[in-house]
Amino acid sequence: MTGFEADPKALRGAADQAKRAAGIVRELDLERVVALSSALTGSESAKTAATLGPHWESSIGVWAGSMDSYAASLTTAASAYRAQDGVGEQGFDGAGGR
């Protein structure tokens, strides 16, 4: 025994939440951050908003893609653990223990 137990259902649940987070982030409208710069004309905050908005916009796709990859890895792991459990269960079918 290796000393740990994997719960495929929990892994699939975590994968679903990662996919959900990626979807939410993809729908964010960060143009408002850029628009904020015009409302704060002449301030240091305006300069920051003008550069921060586009930076966040370009980062969203990367982050969401990473979350999708993470979700896929969790799903693959859940399937592998479940398959391994199935192999172990087959070893007990009709064998000894009488």
Side-chain angles (χ1 to χ4, degrees):
M1 177 157 265
T2 60
F4 75 92
E5 186 174 317
D7 181 355
K9 185 177 178 182
L11 290 171
R12 289 185 194 284
D16 289 343
Q17 291 302 315
K19 289 180 211 171
R20 183 173 173 263
I24 289 169
V25 167
R26 280 189 180 96
E27 293 180 17
L28 291 176
D29 179 14
L30 296 176
E31 288 182 24
R32 294 178 187 187
V33 176
V34 176
L36 181 63
S37 67
S38 62
L40 302 170
T41 304
S43 70
E44 194 63 35
S45 296
K47 294 176 198 170
T48 302
T51 58
L52 189 57
H55 172 72
W56 280 351
E57 193 71 45
S58 68
S59 298
I60 283 176
V62 173
W63 187 88
S66 294
M67 289 306 288
D68 287 335
S69 294
Y70 177 61
S73 294
L74 289 172
T75 301
T76 298
S79 296
Y81 283 123
R82 185 66 202 127
Q84 197 61 26
D85 285 348
V87 169
E89 289 170 2
Q90 289 174 2
F92 288 105
D93 289 346
R98 296 182 206 219

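When a residue number appears, it is its place in the shown sequence, counting from 1.
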Run the side-chain donor-acceptor check on residues 7-23: report pairs under 3.5 Å with partners two or more places apart or on a different chain.
from	atom 1	to	atom 2	distance (Å)
D7	OD1	K9	N	3.1
D7	OD1	A10	N	3.4
R12	NH2	S79	OG	3.0

Assigning hydrophobic clusters by single linkage (Ile, Leu, Val, Met, Phe, Trp, Tyr; side-chain heavy-atom cutoff under 4.5 Å), is W63 placed with L28?
yes
Table please: side-chain donor-acceptor pairs of residues 44-57 below 3.5 Å, with sequence neighbours left out.
from	atom 1	to	atom 2	distance (Å)
T48	OG1	E44	O	3.2
T51	OG1	K47	O	3.4
T51	OG1	T48	O	3.1

Exercise: identify the closest heavy-atom pair between L30 and I60
CD1-CD1, 3.2 Å
